[in-house]
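Take a look at the structure set out below.
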Amino acid sequence: MKKMLLEHKRKFILYLLACTFPVVRNLAQIAIVSLIFEIIEKKSMSFFYFVLIIAIVYFIFDGVIFVLSRLLRISYMRDILLSLRIKAFDKIIQMSYKQFNKQSRDVYASNLINDINTFENSFFVSLINVIFRFALYISVMVILVILNWQLALIIFGVSIFVLLVSKIFEKKTVSLQKEVSTANEEFTVDVSNVFTGLEILKLNNIEEAFLKKNRKQIVVLEGKKYSYNVFTSLQFNFNATIGSMVLIGLIVYLMYQTQAGIGYGEMMLTIQLASSAIFPLVNLFPLINVLKSSKAIYEKITTEEVSSETEESHKPFMFNDKINVNGVSFAYEDLPVFKSIHFSLEKGKKHLVKGPSGAGKSTLFKLLSHMIDDYDGSIDVDGMDLKQISSKSFNEKVSYVYQDVFLFEASLKDNITLFKPFSDEEVLVACKKAGLMEYIDSLDEGIHTIISENGKNLSGGERQRVSIARALCKKAEILFIDEATSSLNEELGRSIEQTILELDATVVAISHKYFEGITNQYDVVLEIKDGYLTKYDGVNYFSGVSL
Ligand code: ADP
Ligand code: MG
C-alpha cells in the first residue's frame with residue numbers, strides 16, 4: 001500500500017501539501033474572528049477598516065486556496081485509483097489456473113467492481129481528513145503551548161484518552177468492512193447465477209423462488225453496510241461528545257478569566273484554538289480506523305496468493321518418448337476417483353479413453369495436464385517429474401478441445417490463432433482439416449468476420465470445429481480431446497475423428513461415441529471403471545490390472 005502511494009512521489013508530495021492548505025484557511029479564519037471581537041472591544045474606526053481589508057484579502061485567498069487544493073489532489077487520486085485497478089486485475093490474470101478455480105468467477109468481478117468502489121469512496125476522503133486534521137492539531141497545539149501551556153497540556157491529555165478509546169473500536173471497524181466486502185461477493189455470485197440461468201428459471205416458472213433468495217441477500221448486504229455505518233458514526237459521535245464536554249468546561253473556565261481581566265479577542269482566540277485542536281482530533285482516530293479498513297480491502301484485492309508452483313517447477317516440457325503415470329491415486333476431498341492407476345502415453349500414438357459418465361475421464365485430463373497436482377503417486381515425462389515442469393512451457397505444446405468452446409469477441413481468425421501471428425493460409429489449412437470451410441464460405445468476410453457475443457450465432461458443431469482448428473493451427477504436440485465430437489452428427493463426427501487420427505501428434509481423446517471403422521483405428525483404448533484404468537480389448541477388461 002505504501003509502495004503504491006509513493007509510486008508517484010512528486011504528485012504525492014503535492015497531494016500532502018494540498019491536504020494541509022485548509023489548515024492555513026482554518027488558522028486565518030480563527031484570527032479574523034478574534035479580530036472581529038477585538039473591534040467590539042476597541043471601538044476604533046481605523047482598526048475596523050484594518051480588519052475589513054484583512055477580511056477581504058482572506059476571502060480572495062480562501063477561494064484561490066480551495067481551487068488549488070482540489071487541482072493538486074485530483075490528478076494524484078486518479079493515478080492511484082488507476083494503478084489499483086490495474087493491480088487488482090493483474091492479480092487475477094496472473095493466477096495459476098488452479099488458484100483461479102478456487103473461487104467463483106463472480107467473486108473476482110465483485111472485487112473489481114464493489115471493492116474498488118468502496119476503496120474509492122472511503123480511502124481518499126479519509127486520507128485527506130486525517131492529514132488535514134493531524135496538521136491542524138499540530139499547528140494549533142504549537143500556538144497553544146506558546147499562548148497557554150497549561151491548556152495545551154489538558155488538551156494533550158484529552159488526545160491520549162480519545163486515542164485509547166479509538167483503539168478499542170479499530171478491530172471491529174476493519175472486520176465490519178471485510179464483512180461488507182464478503183456480502184458483496186455473495187450477492188454478485190447469486191445475481192450472476194440468476195442471469196445465467198434466467199432462461200431455465202422463466203421457462204419453468206420458478207423465478208419467484210430465486211427472487212426471494214436474492215431479496216434476502218440484499219437485506220443481508222444492506223444490513224452489513226448499515227452495521228458498518230452505524231458503528232463508524234458511533235465512534236465519531238462518542239468522541240465528539242467527549243470533545244464538547246471538554247469545550248464546555250473550557251468556556252466556563254474562560255468566563256471566570258474574563259472577570260479577571262482577559263480581553264474578548266483573546267478569549268475568542270483561546271476558545272477557537274482549543275476547539276480546533278479538540279474536534280479535528282476526536283474525528284482523527286475513527287478516520288484512521290476507516291483508513292485501516294480501506295487498507296484491508298486494498299490488500300485483499302491486490303495481494304497475490306502464494307503460488308503452489310515452486311522454484312523447481314520451471315523446467316521446460318520436452319516429450320520424446322513416454323508419459324508415465326505411476327500408481328496415481330486421487331480424490332476430490334472425500335470422493336475417491338482413482339485408486340492407484342498405471343499407464344503410459346506413447347509419443348505419436350492415438351489414445352482413446354472411455355468410461356461411463358462420472359468415471360473420471362475429465363479428471364484424468366486434469367491430472368495429465370497440470371491442472372491438478374495434489375495426487376499420490378507420480379507422473380513423469382521421459383523420466384522428468386511432471387510437477388517440476390513449468391505450466392507455461394507445457395501449455396505451449398499442448399492443446400485442448402472441449403465440448404464447451406469459449407469464443408472471444410474478435411475475428412474468427414483471432415479465435416483460431418488465439419491472437420498469435422499465423423498467416424491466413426495457415427489458418428485456412430487448419431480450417432479445412434477441421435471441416436470449417438462450409439461455414440467460412442457462408443461468411444461475408446471469411447475468417448476476418450467478427451464473432452460477437454461468445455459466438456451466439458454459431459451452432460454447437462461449428463464451435464467444436466473452431467476449437468479443433470485452434471489445436472490444428474497451433475500444431476500441438478499433444479492434443480487432449482474431451483468429448484469433442486459428441487455434439488456433432490455422425491457424418492461430421494466421423495470425418496473429424498478421421499482428421500484427428502491422421503494428425504502428426506500424440507492424441508488423448510475421450511469419447512463415448514463409437515464410429516464403426518473409426519474408433520478401432522486408435523492405437524490404444526483405455527477404460528476407466530471403478531477407479532481403475534485398464535486396457536480395453538473390446539470384449540474383456542481386466543479390472544485393476546496395471547498396464
Ligand atoms: P467424467 O469426465 O468421466 O464424466 P469427471 O472426471 O468429470 O467424470 O468426474 C469424476 C467424478 O468426480 C464425478 O463423480 C464428479 O462428480 C466428481 N468431480 C468432478 N470435478 C469435481 C470437482 N471439481 N470437485 C469435486 N468433485 C468433482
Ligand atoms: Mg467429462
Side-chain angles (χ1 to χ4, degrees), residues 1-2 5 15-31 33-34 69 122-174 176-177 228-257 262 266-296:
M1 176 103 169
K2 265 190 209 129
L5 290 176
Y15 177 85
L16 285 181
L17 204 67
C19 290
T20 58
F21 282 5
V23 175
V24 183
R25 266 176 84 193
N26 252 265
L27 293 178
Q29 215 170 12
I30 291 174
V33 173
S34 307
S69 165
S122 65
F123 180 73
F124 282 109
V125 176
S126 313
L127 186 63
I128 181 183
N129 276 292
V130 165
I131 297 169
F132 158 67
R133 280 158 213 272
F134 187 69
L136 186 61
Y137 175 74
I138 297 290
S139 25
V140 168
M141 283 303 269
V142 169
I143 301 172
L144 268 182
V145 167
I146 298 165
L147 288 183
N148 186 342
W149 67 268
Q150 294 97 329
L151 185 60
L153 202 67
I154 293 172
I155 291 176
F156 185 69
V158 176
S159 333
I160 301 293
F161 178 68
V162 173
L163 171 72
L164 292 178
V165 169
S166 297
K167 268 278 160 212
I168 302 169
F169 286 115
E170 181 187 320
K171 245 197 188 145
K172 184 86 181 155
T173 314
V174 175
L176 282 174
Q177 180 75 287
Y228 175 76
N229 290 336
V230 165
F231 192 73
T232 37
S233 59
L234 184 78
Q235 290 181 66
F236 283 118
N237 288 328
F238 184 77
N239 287 352
T241 310
I242 298 175
S244 304
M245 276 162 32
V246 174
L247 204 63
I248 290 169
L250 177 71
I251 292 171
V252 172
Y253 165 75
L254 284 174
M255 272 160 61
Y256 280 109
Q257 291 288 306
I262 160 176
E266 196 184 337
M267 184 178 98
M268 271 324 283
L269 186 67
T270 320
I271 290 177
Q272 286 184 91
L273 283 175
S275 72
S276 294
I278 294 169
F279 286 104
L281 185 82
V282 294
N283 285 341
L284 180 68
F285 296 116
L287 278 169
I288 291 178
N289 287 348
V290 174
L291 265 190
K292 283 191 175 152
S293 69
S294 296
K295 187 171 172 243

Other residues, nucleotides, ligands: >12 heavy atoms within 6.0 Å of Phe156 CZ: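 Open.
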[atom1]-[atom2] distance between [X] and [Y], expressed to the nearest 0.5 angstrom:
X      : Y      : atom1 : atom2 : answer
Leu291 : Phe285 : CG    : CZ    : 12.5 Å
Ser126 : Arg133 : OG    : CZ    : 10.0 Å
Ser275 : Ile251 : OG    : CD1   : 8.0 Å
Ile143 : Ile138 : CD1   : CD1   : 12.0 Å
Leu247 : Ile242 : CG    : CD1   : 13.5 Å
Thr20  : Arg25  : OG1   : CZ    : 12.5 Å

Does some side-chain heavy atom of [Y] sit less than 4.5 Å from a side-chain heavy atom of [X]?
X      : Y      : value
Phe279 : Ser244 : yes
Leu176 : Lys172 : yes
Ser122 : Gln177 : yes
Leu127 : Leu287 : no
Asn289 : Thr232 : no

Full working for side chain to side chain contact (heavy atoms under 4.5 Å, CB included) between Leu250 and Ile155: CA-CA 10 Å; Leu250 177 71; Ile155 291 176; 5.7 Å; no
Full working for side chain to side chain contact (heavy atoms under 4.5 Å, CB included) between Phe123 and Val290: CA-CA 8 Å; Phe123 180 73; Val290 174; over 6 Å; no
Member of Val140, Ile30, Leu27 meeting the side-chain contact (heavy atoms from CB on, under 4.5 Å) criterion with Gln272: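 The side-chain contact (heavy atoms from CB on, under 4.5 Å) with Gln272 is passed solely by Ile30 among Val140, Ile30, Leu27.
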The single option from Asn239, Val130, Leu136 passing side-chain contact (heavy atoms from CB on, under 4.5 Å) against Leu284: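 Only match with Leu284 under side-chain contact (heavy atoms from CB on, under 4.5 Å): Val130.
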Closest heavy-atom pair and its distance - [X], [Y]:
X      : Y      : answer
Ala277 : Met141 : CB-SD, 4.4 Å
Phe132 : Cys19  : CB-O, 3.6 Å
Ile278 : Gly243 : CG2-CA, 3.3 Å

Pair Thr173, Ser293: side-chain N/O donor-acceptor within cut-off below 3.5 Å: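 Absent: no donor and acceptor within the cut-off.
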Side-chain donor-acceptor pair present, Gln235, Ser166, cut-off under 3.5 Å: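 On atom types as modelled, these side chains do not qualify, holding no pair under 3.5 Å.
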Audit row: Thr270, Leu147, side chain to side chain contact (heavy atoms under 4.5 Å, CB included) steps and yes/no: CA-CA 8 Å; Thr270 320; Leu147 288 183; 5.7 Å; no
Check: Asn148 side chain, Leu144 main-chain N or O, donor-acceptor pair, under 3.5 Å: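 Not confirmed, Asn148 side chain does not pair with Leu144 backbone.
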Backbone of Ala18 reached by a side-chain donor or acceptor of Ser69 within 3.5 Å: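 Yes; judged by distance alone, with no hydrogens or angles, the pair exists.
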Trace of the side chain to side chain contact (heavy atoms under 4.5 Å, CB included) decision for Ile131 with Tyr15: CA-CA 10 Å; Ile131 297 169; Tyr15 177 85; 4.1 Å; yes
Near-ring test Phe231/Phe169, centroid separation under 6.0 angstrom: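 Centroid distance Phe169-Phe231: below 6.0 Å, so yes.
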Criterion side chain to side chain donor-acceptor pair (under 3.5 Å) on Ser276 and Tyr137, from CA distance to verdict: CA-CA 7 Å; Ser276 294; Tyr137 175 74; over 6 Å; no
